[in-house]
Amino acid sequence: MPSILLAFAVLVTAYASTFVYRFTRGWIDGRKTGFPLVLLPLDPNWLPWMIVSVPWRKWLQKNLPRSIYQRVVLSIYGWEFWEKTAPYDELAAPQGDRKNFLLVSCGRLELWTCDSAIVAEVLSRPKDFNQLDIGNFILNKFGDNILTTDGDRWARHRKVVAGVINERISKSVFDETVVQARGLLDQIQTDSNGTSAIETNKAFDWAKKITMQVLSGAGMGTQLPWNNEGHEKPAPGFKQTYSQSVTHVISNIAGPLLLPQWFLLNYPSWAPGYSVLKPLGIAIEEFPIHTDRLLQDERRRAREEGGSSKSNILSQLLEASDSSEKQSAKSAPLSDRELRGDLFIFTAAGFDTTANTISYAFVLLARYPKWQDWLFEEVDDILPNDPNEELDYIATFPRATRTLAFMLEVLRLFTPLNHIAKQAQTPQPLHTPGKTYWLPANTTMYINVVPLHRDPAVWRGLNLPEGETSAKDDELHFRPNRWTNPSGSAQVLYQPAKGTYVPWSAGPRVCPGQKMGQVEFVAVFLTILRTHRIDAVALGEESKQVMNKRLDARMEKSHSLLTLQMEDIYDVKGEDDGLKLRISRRK
Ligand code: HEM
């Protein structure tokens, strides 16, 4: 017995000493870099801590002294949105740098930067700053893909994808979005029982539905009517439809997707979480079979119709890959497993990002009627008077500059990916005006988008109309006209300097879905605002001021579940749960 205890004690001591060793090593290496150091004797990536720390955060915030909490919070996933610029102001600035700090913990060294020179440099050197292993582990589930690969393997994916998401796809996305948004308005018309308005807490689920159906139609070539319940049934041999399996997989990407499939499929029906885990097990099994079937169907169709591709991502991807030159490793066609991986990533990367951006935009329109009126001016100016006249992508999208400015401002303050993570395998130099830093090998780089997008030197007072004076914290305010340059400028919209605005990342690995997301967002709001307006619903006798505070608090009560989202707004059960909006006819 004593020998078992002794062995246990030795094991625990050995395990604990690895933490001590890594902390000391990190501290020694960190000191040589010249960046401010923040010391935290914890490993932010230690799995048990990662699991408990997020639900414990509010308790820790309430019970720990600020001087301890301000460090501990840096190990909790999603801290960037809650803490904003505080760690830079409170911990880094006293050490002489307001834009960078190196987190020395019992895990890897982490550089947290909001320095635009470093951001621009890191994003322009993807060969030196690679994708993070930890994220790849989940996102590789259905095959190697464009997001999780580096070097030549990534270049092969990127070459195929670059040619695929083109203007032809943008037009399809625009047309499909208009169809879906009109379907939504028809449903609102029916639900309003002849009155001209409805009050609903389902608007956010509708944002997700639009995004999913656009990905299905313009992405996979499977067009679905808005009211598809009952229309879409699982194909013979399947338990779920394609979009059901996608929804289960995507909703669980930030956790349960890691669980082994045998565990999910055999999860007992009496255990808590059954209604999520069992369908997820089925989805993981069926998603690749669905995708393979779609690929086979498309290959057959293209053969029968003489090789012509259709205007959807799947068809274009297949054509681009099959026509790649076979000679070199950099341009060889993608295997079916790789195509499947890319199709999954398009969905994973495009769904939540766009849907959550639309959701924040709904609340911001309700919160700021003034900016909604600003958008009505554009909508009424650029769209045909007859609300039934079809919208043409080529004629409409380039003119919808205010609507696009509105999106850019939503993304500035509610960026879906609060950080862009990279890792340096070997020591790397980083340059800022007047200084070169050396980053030790195996440092993780986090580009912290939240303070970057609130830098007063860039955003304060930008494009303020004549006669208006800037609020002293203007960069924190939602003000979409900061994006619209004075008339007569060479560019209609403000073009941020390199490294200052990166909701879609930047450089060679910039999001290839950027234009697609913009087109979808603009098409949603042109279609809705053409005939309808969105307002908040007051709670009882609530004054306008109190209601605005409540809306602000709802938006601040957000967390990162891979992408930033408001809490308790999706899938709400009761009539009075979630957040109610009024959607009413204005024309
Ligand atoms: C508002 C909408 C969107 C935002 C804010 C967004 C943001 C981003 C960001 C920040 C990255 C870089 C991630 C990293 O390097 O770790 C990225 C990459 C990517 N995005 Fe998006 N995205 C959006 C929409 C879309 C859409 C609609 C698609 C496709 C249908 C898409 C496909 C991709 C792909 C394939 C990559 C990987 C590119 C590469 O590594 O070469 N995204 N996106």
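The basis for the numbers below is simple: all heavy atoms, side chains too, and nothing from hydrogens, waters or symmetry mates. Whatever order the structure lists them in is the order used to number ligands and atoms, beginning at 1. Keep in mind that this is a model prediction, so the values were computed, not measured.
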What atoms in ligand 1 come closer than 4.0 Å to a heavy atom of [X]?
X	result
M516	30 (C)
I146	35 (C), 39 (C), 40 (O), 41 (O)
R158	38 (C), 39 (C), 41 (O)
L147	37 (C), 40 (O)
I345	35 (C)
G350	25 (C), 26 (C), 27 (C), 28 (C)
T354	2 (C)
L417	9 (C), 10 (C)

Item to check | Check against side-chain hydrogen bond (donor to acceptor under 3.5 Å, both in side chains), N481 and T484 | outcome: CA-CA 5 Å; N481 70 345; T484 49; 5.5 Å; no
Do any heavy atoms of [X] fall under 4.0 Å from ligand 1?
X	value
F521	no
Q131	yes
K422	yes

Item to check | Cation over ring face, K202 and F204, 6.0 Å, 45° | outcome: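 No, a cation-pi geometry is absent between K202 and F204.
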Checklist entry - Quick one: does NZ or CZ of K208 land under 6.0 Å from the six-membered ring centre of Y570, within 45 degrees of the ring axis? => result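 Yes, a cation-pi geometry holds between K208 and Y570.
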Checklist entry - Does P126 offer a backbone N or O that forms a donor-acceptor pair with the side chain of N130 under 3.5 Å? => result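 Yes.
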Item to check | Any donor-acceptor N/O pair, R482 side chain to E409 backbone, under 3.5 Å | outcome: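 No, because the side chain of R482 does not come within donor-acceptor range (under 3.5 Å) of the backbone of E409.
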Do NZ/NE/NH1/NH2 and the carboxylate oxygens of [X] and [Y] come within less than 4.0 Å?
X	Y	result
D336	R299	yes
K209	D205	no
R337	D144	no

Next on the checklist: Does either side chain, that of S309 or that of Q316, offer a donor lying less than 3.5 Å from an acceptor on the other one?
Outcome noted: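 Side chains of S309 and Q316: pair found under 3.5 Å.
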Checklist entry - Looking just at side-chain N and O atoms, do H453 and T415 make a donor-acceptor pair shorter than 3.5 Å? => result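 Yes.
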Please work out which of [options] has its closest non-hydrogen atom nearest to [atom].
atom	options	value
atom 36 (C) of ligand 1	A355, C511, P512	P512
atom 10 (C) of ligand 1	P503, A162, A218	P503
atom 2 (C) of ligand 1	I165, T353, I169	T353

Got the closest protein heavy atom to [atom], with its distance?
atom	result
atom 32 (C) of ligand 1	A349 CB, 3.6 Å
atom 28 (C) of ligand 1	G513 CA, 3.5 Å
atom 6 (C) of ligand 1	W504 CD1, 3.5 Å
atom 12 (C) of ligand 1	S505 CB, 3.6 Å

Item to check | Any N or O of W154 closer than 3.5 Å to N or O of ligand 1 | outcome: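 Yes: some nitrogen or oxygen of W154 is under 3.5 Å from one in ligand 1.
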Item to check | ligand 1 to R509 polar contact by distance, N or O atoms, under 3.5 Å | outcome: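 Yes, at least one N or O pair falls under 3.5 Å.
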Next on the checklist: Walk me through whether T403 and E378 qualify under side-chain hydrogen bond (donor to acceptor under 3.5 Å, both in side chains).
Outcome noted: CA-CA 8 Å; T403 315; E378 170 168 281; 2.6 Å; yes
Next on the checklist: Please confirm whether the ring centroid of Y501 lies under 6.0 Å from the ring centroid of W459.
Outcome noted: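 Yes, the ring of Y501 comes within the 6.0 Å limit of the ring of W459, centre to centre.
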